[in-house]
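Just so you know, residue 1 is the first one in the sequence shown, and it goes up from there.
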Amino acid sequence: MTDREHRLLVRGATFAAVGAGGDIRGVPGGTAPDGLFVRDARHLSRWQLTVDGAVPEVLTPATAYGRAVDADADVARCVLVPRGGRQEPPAYTLFREQAVVDGSLVEALRITSNRPVPMTLLLALTVDADFTDQFELRSDHRTYTKTGAVRSRRVLTAPDEGPAGADRPAATQPPVLGVEFGYRRGDWLSRTTVTSEPAPDAVEETGTGARRMVWSLELAAHGSVDMALTVVAGPHGGPPLPAPPRSPRAALRQLTETQRELTSSVTLPDSWPELAAACTRGLADLASLQVPARGPDGEELSVPAAGVPWFLTLLGRDALLTSLFALPYLPRLAAATLPALAATQAGEHTEGRVAQPGKIVHEVRHGELAHFGQVPFRRYYGSVDATPLFLVLLGAYTEQTGDTALARRLEPHARAAVGWMLDHGGLTGRGYLVYRADEGGLANQNWKDSPGAICDADGNRTLGPVMAAGAQGYAYDALRRTAWLARAVWDDSVYADLLAQAAADLRDRFQRDFWMPSRSFPALALDGDGGQVDALASDAGHLLWSGLLDKEYGEAVGRRLLEPDFFSGWGVRTLAAGQGAYHPLSYHRGSVWPHDNALITLGLARYGLHDEARAVARALVDAATTASGRLPEVLAGYERTAYPAPVPYPHACVRESRSAAAPLALLTAVGGA
């Protein structure tokens with residue numbers, strides 16, 4: 001999904017993607033994620049406005065008064081007029097504002113007459129809710145059977161205080177308030193209600209299952225009529241949702257207050273206003289991407305979701321990296337993320353979900369298909385790196401804040417996570433963290449998780465067991481930090497010595513087995529036979545962040561990442577150009593990821609390569625500046641000289657928590673330089 005196609009409104013676990021004119025035209029089985037989504041289900045699939053039977057045209061789609069309008073503003077605004085020509089000036093103007101809050105879409109309409117005499121307009125809104133699961137809307141050529149599914153629709157009316165009888169006069173029928181859509185499949189039940197002020201004059205059937213709400217509006221000469229529309233989702237299994245605000249502007253005030261809370265603790269650099277703007281924009285996005293979770297004792301938490309439109313949910317790796325980037329400024333993100341992931345930590349083997357005792361969850365889903373086991377992601381553990389990153393964050397949070405209470409509370413979870421790394425994860429048996437492709441889930445289970453991401457320089461995929469380089473760095477850092485926790489907080493020096501030795505051994509093995517002397521660079525991975533997967537990849541920068549490489553090797557890697565085949569001018573490519581595997585518009589084989597570059601920048605600074613760190617930071621900030629301060633999930637890998645702005649990756653998340661927090665990591669790495 002791109003800005004050109006939709007305007008994206010986000011608030012917590014709810015998002016809406018609407019067209020430039022405010023309409024939604026989603027259809028069952030469609031591939032565009034347009035609609036109102038709550039907890040992985042589409043609760044509004046049609047929302048189409050007509051006036052006097054015609055669709056008005058958009059007067060202010062993407063530009064206004066010669067300047068760009070943010071297509072992802074927290075309130076979507078547009079101006080509509082009837083179609084016509086120079087000799088027929090518009091009879092009316094329609095001003096439309098929309099926003100989302102938890103579980104709801106609110107819309108304000110003002111219809112203004114441009115004529116000096118009274119007029120009557122027939123306004124109609126066609127609405128529907130298909131309750132499609134998000135996984136059905138992906139272009140992955142999969143289909144899902146929904147045996148026994150039943151949809152329902154009913155007109156909402158005011159409480160009936162008139163005489164009984166179905167054939168009484170229309171004047172005594174209870175007034176219409178709106179319409180409710182329902183969906184049931186076994187024990188799964190969802191609903192969506194649509195109401196308005198003023199109430200519609202009627203609700204009509206369309207013959208397609210949708211309903212048409214109709215109003216006859218009397219406008220005085222140059223007069224206006226205001227309308228308020230509210231869509232409230234009732235997702236299956238969700239907590240009770242608060243009553244929505246009465247207007248989009250009230251919703252914006254709520255979100256602005258959340259943003260203010262996040263930004264109040266961050267001091268931004270005066271000397272680098274573009275970085276300050278990127279941080280401000282990132283903090284605003286983080287405020288909108290907070291989703292509910294629960295801790296080990298059932299306590300309510302708010303944690304960073306991965307991104308929209310496809311990942312507005314808790315993803316372990318994403319939440320951990322986001323919290324690490326924000327830790328020096330917003331430690332409360334880590335204080336919520338850690339117990340939320342502890343609460344979902346695996347306690348037993350579950351083959352279909354790749355769960356093993358002590359493993360940290362990769363993805364949590366709340367949708368219908370996950371509920372019925374048609375996708376494995378209700379709680380899915382297909383990640384080799386979330387578990388060590390959990391330990392890295394716990395150690396870093398404790399050291400940064402001095403809050404030892406959380407480390408003591410989560411000590412059993414941390415020990416279980418270490419146990420997973422040593423046993424099921426492979427450190428003891430193979431010497432490295434290892435994963436295998438999951439046929440029902442993810443083929444690759446490191447951060448580059450697309451099917452062909454782990455490959456040799458020619459593009460040949462790695463089959464069988466995989467030992468990805470970056471994950472070994474995370475494991476090394478996790479062992480060291482947990483050794484410190486054991487000694488300083490848990491008073492267990494024996495355990496601390498054991499972990500410290502395991503970290504030292506891992507460092508020695510890695511530099512022996514992964515280093516490619518002829519290329520002065522580490523391999524992307526090892527295969528099941530211990531052979532080097534020789535693609536030159538940005539994952540080497542993660543080894544700088546974790547401190548796994550000796551100083552000499554680390555400096556060589558850092559300088560190599562700034563050579564032209566790696567560095568595009570907008571950032572470091574995931575795969576160096578010139579290799580057979582390289583493709584600038586692939587997901588992981590040559591694109592530029594802001595969070596990847598943030599880790600690289602922190603790593604360069606750690607190894608004293610400050611000029612290189614500043615070069616990467618400036619490139620990312622320049623990329624953000626071309627998009628009003630926002631960094632997307634991923635950019636194309638084209639050279640900066642090829643086009644005056646970064647070329648977007650066509651399927652990127654528009655708002656992504658790791659990218660939103662990346663400017664904070666740059667601030668940590670290079671300050672206001």
Side-chain ([X]) to main-chain ([Y]) donor-acceptor, under 3.5 angstrom:
X: Ser196; Y: Pro198; result: yes
X: Arg281; Y: Ser628; result: yes
X: Asp52; Y: Leu123; result: no
X: Gln374; Y: Ala370; result: no
X: Glu204; Y: Thr126; result: no
X: Ser302; Y: Gln290; result: no
X: Tyr380; Y: Leu442; result: yes
X: Ser659; Y: Glu656; result: no
X: Asp285; Y: Ala660; result: no

Of all the heavy-atom pairs spanning [X] and [Y], show the shortest one and how long it is.
X: Thr112; Y: Leu219; value: C-CD2, 3.9 Å
X: Ser216; Y: Thr120; value: OG-CG2, 3.6 Å
X: Val592; Y: Ala636; value: CG2-O, 4.1 Å
X: Thr14; Y: Gly103; value: OG1-N, 2.7 Å
X: Ser45; Y: Asp130; value: OG-N, 3.2 Å
X: Leu635; Y: Pro646; value: CD2-CB, 3.8 Å

Can you tell if the side chain of [X] reaches within under 4.5 Å of the side chain of [Y], non-hydrogen atoms only?
X: Val55; Y: Leu49; value: no
X: Thr50; Y: Leu122; value: no
X: Leu289; Y: Pro304; value: no
X: His222; Y: Ser113; value: no
X: Val58; Y: Leu80; value: yes
X: Val75; Y: Gln98; value: no
X: Tyr638; Y: Leu585; value: yes
X: Pro292; Y: Leu301; value: no

Starting at [atom1] of [X], measure out to [atom2] of [Y] and round the result to the nearest 0.5 Å.
X: Arg655; Y: Leu631; atom1: CZ; atom2: CG; result: 14.0 Å
X: Glu107; Y: Met227; atom1: CD; atom2: CE; result: 9.0 Å
X: Gln48; Y: Arg212; atom1: CD; atom2: CZ; result: 10.0 Å
X: Thr132; Y: Arg42; atom1: OG1; atom2: CZ; result: 4.5 Å
X: Arg378; Y: Arg353; atom1: CZ; atom2: CZ; result: 8.5 Å
X: Phe131; Y: Ser190; atom1: CZ; atom2: OG; result: 6.0 Å

Side-chain ion pair, [X] and [Y], N-O less than 4.0 Å:
X: Arg25; Y: Asp34; result: no
X: Glu368; Y: Lys146; result: yes
X: Glu136; Y: Arg138; result: no
X: Arg294; Y: Glu300; result: yes
X: Glu180; Y: Arg211; result: no

Partners meeting salt bridge (charged side-chain N to carboxylate O under 4.0 Å, His left out) with Arg115 (sequence neighbours left out):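 Once residues adjacent in sequence are excluded, Arg115 has no partner under the salt bridge (charged side-chain N to carboxylate O under 4.0 Å, His left out) criterion.
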CZ/Arg153: more than 12 non-hydrogen atoms of other groups inside 6.0 Å: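 It does: Arg153 CZ has more than 12 such atoms within range.
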Greater than 12 external heavy atoms within 6.0 Å of Glu205's CD: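 Not more than 12 within 6.0 Å, no.
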Between [X] and [Y], a side-chain donor and acceptor under 3.5 Å:
X: His236; Y: Asp187; value: no
X: Thr206; Y: Thr208; value: yes
X: Thr195; Y: Thr230; value: no
X: Asp40; Y: Thr313; value: no

Test side chain to side chain contact (heavy atoms under 4.5 Å, CB included) applied to Leu177 and Thr157, step by step: CA-CA 5 Å; Leu177 299 179; Thr157 58; 5.6 Å; no
Ring geometry between Trp593 and Tyr587 (parallel below 30°, tilted from 30 to 60°, perpendicular above 60°):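 Rings of Tyr587 and Trp593: perpendicular, over 60°.
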Parallel, tilted or perpendicular: rings of Phe15 and Phe37 (30°, 60°):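 Judged by the thresholds at 30° and 60°, the geometry between Phe37 and Phe15 is parallel.
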Chi angles and distances behind the side chain to side chain contact (heavy atoms under 4.5 Å, CB included) call for Asp201, Val214: CA-CA 6 Å; Asp201 299 319; Val214 180; 5.6 Å; no
CA sep, side-chain torsions, deciding dist, call: Leu121, Tyr92, side chain to side chain contact (heavy atoms under 4.5 Å, CB included): CA-CA 9 Å; Leu121 295 176; Tyr92 67 86; 4.0 Å; yes
Residue from Thr193, Val127, Leu105 passing side-chain contact (heavy atoms from CB on, under 4.5 Å) with Val231: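 The option that passes is Leu105.
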Residues which pass side-chain contact (heavy atoms from CB on, under 4.5 Å) with Ala41, listed by chain and number, not counting sequence neighbours: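 Residues passing side-chain contact (heavy atoms from CB on, under 4.5 Å) with Ala41: His43.
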Lys/Arg cation over aromatic Phe372: Arg185, 6.0 Å, 45° cone: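 Arg185 over Phe372 ring: yes.
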Test log, rule side chain to side chain contact (heavy atoms under 4.5 Å, CB included), inputs Leu341 and Leu314: CA-CA 9 Å; Leu341 292 174; Leu314 174 62; 4.0 Å; yes
